[in-house]
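Quick note: residue numbers are just sequence positions, from 1.
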Amino acid sequence: MKDKAQFSKTNLSRYAIAILLFIQFACVRLVALEPPGFQTAQEYISASVRDGIAADLSKYFSDQTNKWVVDARFLEGLLSPTNHSITRHGLKLHHAIVTNRFDLVNAEIPNDTYFVDCTFTGPIDFRHSHFHRDLYFSRSASVKGDVLYRTTTFQTNADFYGMKVDGDSYFRGASFNSGVRFEQAEIKGSLYAERAEFVSLGELANFKRLTVGRLTTLEGATFNGPVSFTHAHFSSSFIAYGANFLNPTNRASFNTIKVDGHANLDSTTFAGPVDFGGAEVLLQMQMEEAHFTNSTNVASFNGARVGGAAFFGKATFRGPVEFRRAFFGGNFQANDTKFINVSSAREVGHTNSSIEFFNADFKGMRVEGAAHFNKAAFAGRVSFKDASFQAMDLSAQSWPTNAHSIELDGMSFKRIGSGTNAISPWKDIQVVVTPSPYRPDVYLSLESFFRRQGYDDEADHVLYAKNREVRKNLWNERQYIQGVANWLLGFVVGYGRHPENAIYIGVFFICLGVLVVRGVDAAGKTPKKVEKQKPEEADRSYNAFWYSLDLFAPAIDLQSANYWKPKQDSGFARHYMRIHRIAGWILVPICIAAMMGIIK
């Protein structure tokens, strides 16, 4: 019994010691889990970087906004490649207010660098810096509806000239209050700048010679000042859907931009001059429902090259627009598009006297597919001079009606239509052709097209309209004889298309001649209206039909016209038969020439 009691006391002692050790260990762990009492942002950021976690100053220091302030020189040292405390997780800084100049010129940054909802009060100088992974200057994902709670803000100049980023670059919702320069920067990944805002009215947002290896998106971005993407190269798609270029005087330049994928600028607003001259888009260009709101500045697409289709449906051009020498490898779609500018050359500052001004200028444009202008509206002067289309839809809602307001000379096409599938009758096309200066090649192309399609009646309408314009010009130049001759060709043989008309007219003259010279005396031997040319010749029987036919038809001898002549007392017959012979000499050669295809 004594041994049993001693054994029980020993076990109780062991249990008590185990419980005490557990309590002691738990207390130590609880103390270890308590956050350290960092007094400055630098201490907190350094510890977070060392532990590989994000440093969110707004959460750690809560309402102590004075402790959100971080000296840029501290961040420079922290990002130095010689700083071994930074882990492969990189720097992730939230809600910091970064003061002083942030200088990373020529710096090598091996890890991810994130600045989320930060404010930079001093200039940013990242010229020729090299980020080996992602670079993030963006807003947090925290939103309320479409309104952002916070955003990354650059209060002064931000210079990324010649910067290299091997990963992606994020500027979502960022606000640039002063000038920004991405000139010659190289981003191997994607560039995300949705809803970014470029606030300065006077300083340039400079993206010249920027290269991006993957997707570029500026969806919903706002540019209040001048912007230039001149010579920029985007190896994938370029998306600026719903972007706003709001400066009414400074140019938005996309001159010689190169996009190896799609270019999507649907619903984009351009308040000032815009230049896509020499732009190259490998696949499609989309600018549907785009708005060009400035009535005095030109939207230029001169020399642009698009490998696929281009879509400008429901776009509005309040100012002049130029597509001179532009190339489109697919369709060109401008359905429901409004070309409403009616300004004069002087009003828009057009000073190049060697180039005639047009409000919508498609001169020399080449479309390998179909050009659709269904329900489009043209208010001012339009030029399609030397333009080339595989197919063309000219069923616009309205065309200018003033003389010389449409230029079509040199325009070529293989097919022309009205609407989606229907062949356009001449009455729908003449509203385009008639106001334009007379150019025979336009009419010849239309006539040739209709004949290839088997629409001979439509082709004839074009042919007659062409010659009406010819006569109009002849009347204006007081060349009345040529004008009458042109009318006569149309009346007699339909300008070579209907030689049978000359036959009908000839039959009419022959029958009329029969009526004029018919009739014999009561004995049925002596004609009443004609007599022998030579009284000494032997008598012959008289037939009014053969006499009329022989007199009418030149170069044939039926031995009647050279035997008989109208009597001297038959004045009407004598005068008419002269007209009869002249009509034959005119109608018969014309009919033969038309049948042989000489008259066209």
Side-chain angles (χ1 to χ4, degrees), residues 287 290-302 312-326 332-350 352-353 355-365 367 370-389 392-413 416-419 424-443 445-446 461-462 465-466 468-470 472-473 476:
M287 299 193 76
H291 297 278
F292 300 81
T293 62
N294 195 299
S295 61
T296 58
N297 287 309
V298 175
S300 173
F301 296 85
N302 293 333
F312 289 86
K314 297 184 179 180
T316 301
F317 293 90
R318 295 190 176 277
V321 56
E322 298 175 348
F323 287 91
R324 294 198 301 266
R325 301 177 305 282
F332 181 87
Q333 195 259 75
N335 294 337
D336 283 309
T337 303
K338 310 301 179 188
F339 302 89
I340 59 180
N341 184 263
V342 293
S343 302
S344 65
R346 179 178 297 179
E347 289 172 331
V348 300
H350 182 85
N352 190 342
S353 58
I355 301 177
E356 188 175 359
F357 172 75
F358 289 88
N359 304 93
D361 195 344
F362 303 91
K363 195 180 288 100
M365 183 173 79
V367 179
H372 297 281
F373 293 93
N374 186 29
K375 297 183 180 179
F378 293 89
R381 301 185 70 214
V382 186
S383 175
F384 289 99
K385 181 179 180 180
D386 298 325
S388 173
F389 309 96
M392 193 174 187
D393 172 13
L394 286 175
S395 56
Q397 182 180 23
S398 61
W399 293 93
T401 56
N402 297 331
H404 304 292
S405 56
I406 303 177
E407 184 180 48
L408 299 175
D409 52 314
M411 184 183 77
S412 61
F413 52 85
I416 193 166
S418 175
S424 178
W426 167 244
K427 67 180 181 180
D428 291 337
I429 297 178
Q430 64 181 343
V431 297
V432 183
V433 177
T434 302
S436 66
Y438 170 68
R439 295 292 185 272
D441 52 344
V442 176
Y443 289 91
S445 296
L446 284 169
H461 288 315
V462 177
K466 168 181 173 289
R468 280 196 297 270
E469 293 298 318
V470 170
K472 187 185 299 183
N473 290 335
N476 293 337

Test item: [X] side-chain N/O and [Y] main-chain N/O as donor-acceptor pair under 3.5 Å:
{"X": "T337", "Y": "F312", "value": "yes"}
{"X": "N374", "Y": "N335", "value": "no"}
{"X": "D336", "Y": "A376", "value": "no"}
{"X": "N359", "Y": "S343", "value": "yes"}
{"X": "D409", "Y": "K385", "value": "no"}
{"X": "R381", "Y": "F357", "value": "yes"}

For [X] against [Y], the heavy-atom pair lying closest together:
{"X": "N341", "Y": "S295", "answer": "ND2-O, 2.8 Å"}
{"X": "G380", "Y": "P400", "answer": "O-CG, 3.1 Å"}
{"X": "I340", "Y": "R318", "answer": "CD1-NH1, 3.4 Å"}
{"X": "M411", "Y": "F384", "answer": "CB-O, 3.5 Å"}

Distance (rounded to the nearest 0.5 Å) between [X] [atom1] and [Y] [atom2]:
{"X": "N302", "Y": "R324", "atom1": "CG", "atom2": "CZ", "answer": "4.5 Å"}
{"X": "R325", "Y": "K363", "atom1": "CZ", "atom2": "NZ", "answer": "9.0 Å"}
{"X": "Q333", "Y": "D393", "atom1": "CD", "atom2": "CG", "answer": "10.0 Å"}
{"X": "K314", "Y": "K338", "atom1": "NZ", "atom2": "NZ", "answer": "10.0 Å"}

- In plain terms, say whether E469 and K466 are close enough for a salt bridge, that is, a side-chain N and a carboxylate O under 4.0 Å apart.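 Between K466 and E469 there is no salt bridge, as every charged N stays at least 4.0 Å from the carboxylate O atoms.
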- Worked verdict on F292 versus M287 for side-chain contact (heavy atoms from CB on, under 4.5 Å): CA-CA 11 Å; F292 300 81; M287 299 193 76; 3.6 Å; yes
- Task: For the pair F339 and F373, name the ring-plane relationship: parallel under 30°, tilted 30 to 60°, perpendicular over 60°.
- Result: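 F339 and F373: tilted rings.
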- I406 side chain reached by W399 side chain, heavy atoms, under 4.5 Å: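 W399 vs I406: side chains touch.
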- Pair F389 + F362: ring centers closer than 6.0 Å: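 F389 vs F362: aromatic centres not under 6.0 Å.
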